[in-house]
Amino acid sequence: MAAATGDMPTYQIRAPTTALPQGVVMATSPGSLHSPQQLAQEATRKRELRLMKNREAAKECRRRKKEYVKCLESRVAVLEVQNKKLIEELETLKDICSPKTD
DNA sequence: TTCGCAATTCGTCATCCGGT
DNA sequence: ACCGGATGACGAATTGCGAA
């Protein structure tokens, strides 16, 4: 697929993020954190939240990619039919235009 | 039935890139 | 500069299938 430094794949649609995944609870405000234990808990919570979001993002990314590939495949099918017709048409015109050698 | 293998799916990490 | 979303890469888990 697109190289890391390449252009954006056409199947990517950047949508604004809205709701949090179900079951995710916002943390208390940072100002209310004190002990190292609380800080550690907060770090763990943040990590779990990040993993959960990335998991969902990966699913969505793969879904879009599949859709994109399907779309490309159906376009290939259409173009193949079109190409076949054009080749046939060309052969017909060649027959009509070629001088009779006889 | 079960074993081995290939293909597919999934979760995670690393990185890039755009927005603030 | 920092943050967060998108995605490629990778390894682990799962699935499907033919051979024994």
Side-chain angles (χ1 to χ4, degrees):
Chain A
M1 288 305 302
T5 52
D7 51 355
M8 188 168 78
T10 48
Y11 58 85
Q12 177 175 14
I13 301 163
R14 290 183 189 271
T17 38
T18 52
L20 247 34
Q22 280 195 335
V24 174
V25 181
M26 294 304 289
T28 52
S29 66
S32 66
L33 291 170
H34 299 295
S35 69
Q37 195 184 9
Q38 280 175 312
L39 290 172
Q41 276 180 349
E42 176 65 4
T44 301
R45 195 197 61 82
K46 277 187 178 174
R47 174 184 156 77
E48 281 171 358
L49 183 58
R50 180 166 49 77
L51 289 180
M52 186 187 292
K53 281 187 174 182
N54 189 245
R55 193 155 52 230
E56 294 305 310
K59 280 180 190 169
E60 184 59 17
C61 182
R62 285 164 181 152
R63 190 193 63 75
R64 279 198 301 267
K65 189 172 177 177
K66 268 190 180 176
E67 207 172 302
Y68 174 66
V69 169
K70 251 196 211 169
C71 193
L72 284 183
E73 283 170 347
S74 63
R75 180 157 168 72
V76 166
V78 166
L79 290 174
E80 277 174 350
V81 167
Q82 198 176 328
N83 194 42
K84 200 177 166 190
K85 280 184 184 169
L86 287 170
I87 288 171
E88 282 171 7
E89 192 181 336
L90 178 62
E91 292 305 318
T92 305
L93 289 173
K94 272 194 205 165
D95 281 352
I96 291 171
C97 297
S98 66
K100 305 257 162 44
T101 57
D102 178 299

Task: Presence of K65(A) side-chain N/O under 4.0 Å of dG8(C) phosphate oxygens OP1/OP2 - done: yes

Task: Integer-rounded Å distance: dC3(C) P and L49(A) CG - done: 14 Å

Open item on the list: Tell me whether E80(A) is salt-bridged to K84(A), with the criterion being a basic N under 4.0 Å from an acidic carboxylate O.
Closed with: no

Task: N-O pairing of E56(A) and K59(A) below 4.0 Å - done: yes

I'd like a table of atom pairs between the protein and nucleotides 11-15 of chain C - only N or O on both sides, under 3.5 Å - with the distance next to each one.
none

- [ ] Please state how far atom CZ in R63(A) lies from atom P in dT7(C), giving the value in whole angstrom units.
- [x] 11 Å

Which pairs, protein N/O on one side and nucleotides 9-12 of chain B N/O on the other, fall under 3.5 Å?
residue: dG11(B); atom: N7; partner: R62(A); partner atom: NH1; Å: 3.0
residue: dG11(B); atom: N7; partner: R62(A); partner atom: NH2; Å: 3.3
residue: dG11(B); atom: O6; partner: R62(A); partner atom: NH2; Å: 2.4
residue: dT12(B); atom: OP2; partner: R55(A); partner atom: NH1; Å: 2.5

TODO: Calculate, to the nearest 0.5 Å, the distance between atoms SG and CZ belonging to C71(A) and R75(A) respectively.
DONE: 8.5 Å

Open item on the list: To the closest 0.5 Å, what do you measure between OG (S35(A)) and CD (Q41(A))?
Closed with: 7.5 Å

Open item on the list: For R45(A), is there an ion pair with E42(A) - N to carboxylate O distance below 4.0 angstrom?
Closed with: yes

- [ ] Would you indicate, yes or no, if dG4(C) has its OP1 or OP2 atom less than 4.0 angstrom from a side-chain nitrogen or oxygen of K53(A)?
- [x] no

Task: Atom pair CD/CZ of E60(A) and R55(A) - distance to nearest 0.5 Å - done: 15.0 Å

Would you tabulate the side-chain donor-acceptor contacts of residues 88-99 of chain A under 3.5 Å, counting partners in other chains and residues two or more places apart, or write 'none'?
residue: T92(A); atom: OG1; partner: E88(A); partner atom: O; Å: 3.0
residue: S98(A); atom: OG; partner: K94(A); partner atom: O; Å: 3.3
residue: S98(A); atom: OG; partner: D95(A); partner atom: O; Å: 3.3

